[in-house]
Amino acid sequence: MQPNYQPQKIEAAAQQYWENKQAFRATEASDKPKYYCLSMFPYPSGKLHMGHVRNYTIGDVLARYHRMKGYNVMQPMGWDAFGLPAENAALANNVPPAAWTYSNIDAMRKQLQSLGLGIDWAREVTTCKPDYYRWEQWLFTRLFKKGIIYKKTSSVNWDPEDNTVLANEQVIDGRGWRSGALVEKRDIPMYFFRITQYAEELLQGLDTLDGWPEQVKTMQRNWIGKSYGCEIEFPYDASIGRAGTLKVYTTRPDTLMGATYVAVAAEHPLASQAAAGSPALAAFIAECKRGGTAEADMATMEKKGMDTSLFVTHPLNGDKLPVWVANYVLMGYGEGAVMAVPAHDERDFEFAKKYKLPIRQSIAVEGQSFSDAAWQEWYANKERGVCVNSGKYNSLNYEQSVDAIAADLQVKGLGQKRTQFRLRDWGISRQRYWGCPIPIIHCAQCGDVPVPDEQLPVVLPEKITITGAGSPLAKMPEFYQTTCPQCGGAAKRETDTMDTFVESSWYYARYTSPDCTTGMVDKARAQHWLPVDQYIGGIEHAILHLLYARFFHKLMRDEGVFGAPPSPQPSPTRGEEANDALRAFNPLDEPFKNLLTQGMVIAPTFCREGEGGKKLWINPADVDVKTDDRGRPVGATLRADGQSVIIGGTEKMAKSKNNGVDPQAIIDQYGADTARLFTMFAAPPDQQLEWNDAGVEGAFRFLKRVWAFGYLVKQVIDAKPASSYEFRKASGIGEVSISRSRSSDPKEVRREVHLVLKQANFDLAKQQFNTVASAAMKILNALEKLPIASQEDFAITKEGYSILLRLLSPITPHIAQTLWKELDYGDDILNAEWPKVDEAALVQDEIEIVIQVNGKLRGNLRVAKNADQATLEQLALSHDAVQKLLAGGTAKKIIVVPGRLINVVI
RNA sequence: GCCGGGAUGGCGGAAUUGGUAGACGCGCUGGACUCAAAAUCCAGUGUCUGUGAGGAUGUGAGGGUUCGAGUCCCUCUCCCGGCACCA
C-alpha cells in the first residue's frame, strides 16, 4: 500500500475494476427490489460544467447508497441532443449540427466517465438518432389520428429582416439578436398537443406525488391554474355591423354589477371590425402586434388601450358599456376579452384611472370605506365582501351572489358557471432544422396525412448548410418532395420539426429498453423498471419539462405502450369519495415517484471597467483576494499584473461573467473524489452551491487524512501485534503515556461513531448529503483521538474505520473501494452491507442537561439518565446561578424538558 | 407584473422540526516541526465589554404569540428560479 494518497492512480484503477466487472450493468434478473435512479440527461454542449458534476454526483450518491442498502439499481445516461445551440454553433464555426453534436457527445461521455459515475452505459440513448425519434414520430401519428394533436394558428416572434422565427431568448429588448430588427408577432399554423384535455388529471395526479417537493407541486398547480367562474355574454346589435354577443370569462361574477367597460385583445374580431373604419385604431392594433410573445414582457409593459367606439349591453342591468382594445388582454387566454371592474381589480383600476373610465363600487367590506382616489388592498377581497350598488344582489356574499347571478344569466341564455384552466395547449412546431421531423405529408387532395408506419422514421438529413435565415428543410426539395400515402399524388412533406421538449418527455421510458425495435419501449422491461424511483434535476425544470413528461406518460399509457390497462381516471362526476381511491401513486399514471430538485452552482465575479464603462470580466482563477487579519476581503488583484480589480457579486456560473470553473481542471488536479466530495459537502442539494477553491483544498486535505489513517491501520494489521507493547509499537505511540480523557476513551469514541452514524442515516433519508460528508469528518476526528494501545482500541478503530469507508463510499467511491480492499474488509465495497447502528453503544448512565432562568441559559448539570422530575427541579433550584437570580424569592414555575433542559421561571 | 423559493459569524453551511445558536469545513490568529518554505500537527476564533471568572448582545428589518422563537403568525426589504420557442 502506498503511504501517500494518489488520486489519479487509484481512480483509474477503480474505474478499470468496475469496467472489467461490468459492475453497473443492470438486468431485470434479480431477486432484489429494483431502484431506478435517473438524473436529467444533459444537452451535449461539449463541455461538462459544474451543474452537471453536481447533478450526476447527487444521482450517483443515491444510486450507490441504495445498492449498498440491497437494491437492484439501474442508473442510465443519455443525450438531449436536438436543439438550438447546434444550429448556433453551425453558424459560428461552419460545422454541421450533427457532426458538432456527435463529437460533443464523445467528449462529454469521457468527462462523465472520469467522474466515476456508476452508470449502465449499455442503455445510452441519443435523441437525435433515428432509432430514438422514430418512435416519437410513431406516437405522433397515433395522437394525430386520435385528435390529441391538432393544427391551429399561433403567434411567434418574427424577425422581418432574417425572415426567421426567433426563440424568446433570441429576442433582446424587442429586437432580433442577429439582425437587430424590431421583432413582431406573426400568426403561423402549428401543431398542438391537446394537453388541456389532461389538465384535470395532471392536477389531481399531483396529490399522489408524496415524494415530490411541495414547492414544485405548488408551482405546477398554479401553472395548471384551475379556476371556478362564469362565462358571460354581452350582446350587441346590428348598429355595430351585425348582431352578436361578446363572450368573456371571469372568476369574479360577483362583481358583474360593477363592470363599466369591456376590453378585447388586439387580435379580437371586434377589434378588427372597429379598426376597419378607424385608421387611428388600426395603427394602435399594429402597435400592439409589435414586440415579442414572452409573457414576462407582456405583463411588465405599460398598459395601453384605445376606445373602439363600439358598445355592448350589460347582460343584467342593460347598461351600454364601451368596448376598448387593450394591450394587456391576450388572444390566447380564455376568450380574448375581459369584463372590466375597475373598483375590484387592480389592473382595471389603473386602466380606468388612466383613461378616465367610470369606477363603480359593487363590493363592500365592513369597517372599510371606498374611495376611487387610490387602490386599497381590500377592494379585491372575496372572502369578506358583500354586494352593494347591485340591485337585487345587495348584501349577498361571494358564494350567494355568484349563484344568484349565474342563475339569472342562465335564464337569459347569456352565461353560466364554468371551470377554466390557465394551462394552454402545447404548440410543438418549430421552424428549425435540428429537431425531430414532424411526420406529416400535406396533400392537396387528402389534406394533412400522417406518415404510415412502414415509412417511419422520417429521417432528418444530416448534411446541410445553415444560413440563419429561414428554415433549412423548407429549402431542400429532396427532403420535402414526396407522394401522398393515401392517393399517391405529388405531395409536400412537413418541414417543421418538433419542440425538443418532446424528446425529453419520454427518454426515461426508453432507457428501460433502449434497443427495442418493435415499439417505444419493450412492455415487460418498461413495466419492470418504471416508475423512476428517484429523479434528480435542476429546479429550473419544475414546470415545463416535468409537466410535459407527466403528460407524455399518460399519453403513452392511453396508447397502450406499457401494455397494461389504464387506471380509471378522476372525473368531476365520480364524486370526491370515488376519486379518493385514485390519490395513491400509480406507476402507469405518473413517471417519477420521487423528485429531488437541485440548486444552481454559483461563483464570485471580478471585473474591471473598460473603455466607455464596459465591464471586462476576469476569471476568479486569475485573481488573488487580499484579506485583513480577520479574513475579511479588503481587495483583489489580477495575478498577471498585480493591479487591483473590482469584486463583483456571487452569480450563476456563466460565460458572460467569465466566472466558470472547469470541472476537468479540478479532476485533473485533485481527482474526481475531491470534486465529488466538495460538491456534496458545500451545500445541501436543493440550495445554491457556491464554488470555493479553498473549500476544494479542504476536501482534498480530508481525503489525504483518510488515506493516512488507513495507512496507519494497515501498518498495525501487518504487524500482527499480540501485546499492548506491540500495539503501541505498531501504531507509533511507543512508550508515551496515555491519559484517557473522554475523547480518547474507547467506549466514548465508539459511542461517538455510532451516534454520528445514526445522524448520518437520518440525514441520508432527508437527502441532505452535506451533513453526511461532515459525519464522515466527525468520525475520522473521533478515531484520530483514540490511541491504539490494545486489542480493544484496535477493534474499535477498525470497526469505526469500516463505518467511515462505507459512509464515504457513495460520495467518494474510488478511495473507499481502494482502502476497503487494501485493509481486507472485503473485495468490493459496492456490495458491502450498509453499516448498522449499535444502539447499545449509545447508552449513557449520566447525561448533561441545561439550566435556564426565564428561558436564558444559566448553566448545566450532569444528572443520572433516569432522574425523576422532582429530583431535577430540586437540582435546578439549588444551582448556584439560579440561587443568585432567585435572591431568596420563589420560582413561579419550573418547566422540565426530559433529557434536555430545566427552565426556572421567576 | 404573476407564480415559487431564499436571507444565520470574515465565508459555505449545521441546529433530529418550538428547547444549549454557530456542528462540520474554509479563512484568519498564535504555536510546534524546519536553515527556510511547503506539507503536516496542536490551540484559539460571532460581536461588544471585562485583567479574569463573567456580563451584555446576536439568525435580513420591524412587530406579535410563548416559560422559551433561527424555527410559528403579521408587515416590509433585498436576492434567486420559472413565465409556455434556452435546455
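To find a chain, count down the sequence lines: A is the first, B the second, and so on, and within it residues start at 1. This structure is a prediction, so every number in the text was calculated from the model and none was measured.
Looking at heavy-atom distances under 4.0 Å, A/F501 makes contact with a base. Within 4.0 Å of A/H545, counting heavy atoms only, lies no atom of the nucleic acid at all. Using a 4.0 Å heavy-atom cutoff across all strands shown, A/N770 reaches sugar-phosphate atoms only and no base atom. Using a 4.0 Å heavy-atom criterion, one finds that A/A542 contacts no nucleic acid atom at all. When heavy atoms are screened at a 4.0 angstrom cut-off, A/F681 is found touching base atoms of the nucleic acid. Using a 4.0 Å heavy-atom distance criterion, A/Q852 is classed as a base contact. At the heavy-atom level, A/S504 lies nowhere under 4.0 Å from the strands shown. Residue A/T127 is out of contact with every strand shown, counting any heavy-atom pair closer than 4.0 Å. Across all strands shown, A/R221 has no heavy atoms under 4.0 Å from either base or sugar-phosphate atoms. Here A/V904 lies out of heavy-atom contact (under 4.0 Å) with every strand. A/G538 comes within 4.0 angstrom of nothing in the nucleic acid, heavy atoms only. Within the 4.0 angstrom heavy-atom criterion, base atoms lie near A/E295. A/T300 comes within 4.0 angstrom of a nucleotide base, judged by non-hydrogen atoms across all strands. Within the nucleic acid shown, A/I895 comes within 4.0 Å of at least one base atom, counting heavy atoms only.
Contact annotation: A/R701 reaches the phosphate of B/G27 (side-chain N/O to OP1 or OP2, under 4.0 Å).
Under the 4.0 Å criterion applied to side-chain N and carboxylate O atoms, A/K354 and A/E302 are assigned as salt-bridge partners.
Judged by Watson-Crick or G-U wobble contacts below 3.5 Å, the nucleotide B/A87 has no partner. Checking B/G4 for Watson-Crick or G-U wobble geometry (two distances, each under 3.5 Å) identifies B/C80 as its partner. Pairing for B/C28 is with B/G44, a Watson-Crick or G-U wobble pair whose two hydrogen-bonding atom distances lie under 3.5 Å. When both pairing distances are held under 3.5 Å, B/U66 makes no Watson-Crick or G-U pair with any nucleotide shown.
Taking the O4'-C1'-N9-C4 or O4'-C1'-N1-C2 dihedral as appropriate, B/G9 has a value within 90° of 0 and is therefore syn. The glycosidic torsion of B/U17 lies within 90° of 0, which places this base in the syn conformation.
The aromatic rings of A/Y548 and A/W426 sit parallel, their planes meeting at an angle under 30°, below the 60° perpendicular limit. Between A/W100 and A/Y43, the two ring planes are tilted [angle within 30° to 60°]. Classification of the A/H52-A/Y56 ring pair by plane angle, with boundaries at 30° and 60°, yields parallel.
With hydrogens and angles left out, the side chain of A/Q431 and the base of B/C85 share a donor-acceptor pair within 3.5 Å. The base of B/C67 sits within donor-acceptor range of the side chain of A/N903, with an N or O pair under 3.5 Å.
Aromatic rings of A/Y535 and A/Y508 (six-membered ring for Trp) have centroids beyond the 6.0 Å cut-off, not under it.
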